[in-house]
Novice: 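Structure in structure tokens, see below.
Quick note on labels: first sequence line is chain A, next is B, and so on, each numbered from 1.
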2 protein chains.
Amino acid sequence: MSSEASEFQEAVSRFVRALGLHQPDRTPCGVPIPTSEAHALGELARRGELRQVELVHRLRLEKSTTSRIVTQLARRGWVERAPAPDDGRGVLLRLTPAGLQAARQLAAARQARFGAALDRIPAEERQAVLRALILLTEAVDEP
Amino acid sequence: MSSEASEFQEAVSRFVRALGLHQPDRTPCGVPIPTSEAHALGELARRGELRQVELVHRLRLEKSTTSRIVTQLARRGWVERAPAPDDGRGVLLRLTPAGLQAARQLAAARQARFGAALDRIPAEERQAVLRALILLTEAVDEP
DNA sequence: CCATGTGGTTGTAATGTCGAACCATGTCGT
DNA sequence: ACGACATGGTTCGACATTACAACCACATGG
């Protein structure tokens, strides 16, 4: 239904704006690092190690951009580059202890922001909203 | 619940990435204009006229940035600046016919993108997903 | 063993955003 | 009425994120 699609456009626009995603050097949670770096940190925290090329796919960035982001994270002392064991070309990324701590702080900040948001959603709706968001992501993702 | 909040973080991150929102000079729908300009155009299309300061609030940008965006849109021949009738300081923005057409094309592109996404969501879920997105936006917006 | 493809890095350029300085106009208190 | 302050806009300078192209190293397949 076309009216449904335009309502979605609306809703997505508003969501993006409300989230404050246009600010380049600050995450939506207020942490003073770029959003992409935060996402990279998140991916690394979830898995312990990650191939850099995998990060390229997950962040949907160019390999050059990804390389720079990793350099930034390394400069902050949060990740270490190591040669990939099974492929001489590859780079294996690993979180340092400081990086793990930073990831935890970031998670806490997000917790604060999204936790507060969740409090404004009726408890019985939360599961539905989360499910909807996941569904929507899958739907948008699939090219 | 904290596990709920972290699932949300996950879900939001994924959504943002899947949407491709990190590309500065291309909308998620593939239209080759910056996201903020697209949003500005959308706001102007919905209301016919808009005070520039209103755009600042809706886009959540600095007034300087907003001014530049409006200049861009004017350069494209899509909006006209006029003095606000009730306030000598203000600027009233109005869509030109070309701007209206551009807005329609943009809407069509979004329609194509989000329509395709919606098709991948079971029909009986769509209302729930839309509702969830609106709820989530309000929840995130509030602070 | 050469041709081609993949993973990474660096250089270059384009672009989006903010903060500050500045101007014009409105508003409020005395 | 008049000065002090707030509001709406513009311009300028700085900074940051991203992509594309060129290049290198390693892998893979005929």
Novice: According to a strict under-4.0 Å criterion, is B:Ser67 in side-chain N/O contact with OP1 or OP2 of D:dT10?
Specialist: yes
Novice: For A:Leu92 and C:dG8, what is the distance between atoms CG and C1' respectively, to the nearest whole Å?
Specialist: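 Rounded to the whole Å, the gap is 14 Å.
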Novice: Hey, is the side chain of B:Arg68 pairing donor to acceptor with the base of D:dG9 inside 3.5 Å?
Specialist: no
Novice: Looking at the side chain of B:Arg89, which of C:dT9, C:dG19, D:dA6 is the nearest nucleotide?
Specialist: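 So the nucleotide nearest the side chain must be D:dA6.
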Novice: Send over the distance from B:Gln23 CD to C:dA14 P, rounded to a whole Å.
Specialist: 19 Å
Novice: Under a 4.0 Å threshold between the charged nitrogen and the carboxylate oxygen, would A:Glu138 count as salt-bridged to B:Arg14?
Specialist: no
Novice: When you match B:Arg26 and A:Ile33 each to their closest nucleotide on DNA chain D, which lands nearer the 5' end?
Specialist: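 Nearest nucleotide further toward 5': that of A:Ile33.
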Novice: Could you tell me how far apart A:Arg76 (CZ) and D:dA16 (P) are, to the nearest whole angstrom?
Specialist: 10 Å
Novice: Would you compute the distance between atom CD of B:Glu80 and atom CG of B:Leu93 and round it to the nearest 0.5 angstrom?
Specialist: 10.5 Å
Novice: Output the single nucleotide from C:dG16, C:dT9, D:dG9 whose closest atom is nearest the side chain of B:Val53.
Specialist: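 My answer, after comparing the listed nucleotides, is D:dG9.
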Novice: Does a distance-only test, which skips hydrogens and angles, find a donor-acceptor pair under 3.5 Å between the side chain of B:Ser64 and the base of C:dG19?
Specialist: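 By the distance-only test, yes, there is a pair.
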Novice: If you check every side-chain atom of A:Arg51, which of C:dG7, D:dG8, D:dA16 has the closest atom?
Specialist: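 Closest nucleotide among those given: C:dG7.
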Novice: For the side chain of B:Gln52, starting at C-beta, report the closest nucleotide among D:dT10, D:dA19, C:dC18.
Specialist: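 Looking only at side-chain atoms, B:Gln52 lies closest to D:dT10.
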Novice: Would you call A:Arg120 and B:Asp141 a salt bridge, taking side-chain N to carboxylate O under 4.0 Å as the test?
Specialist: no
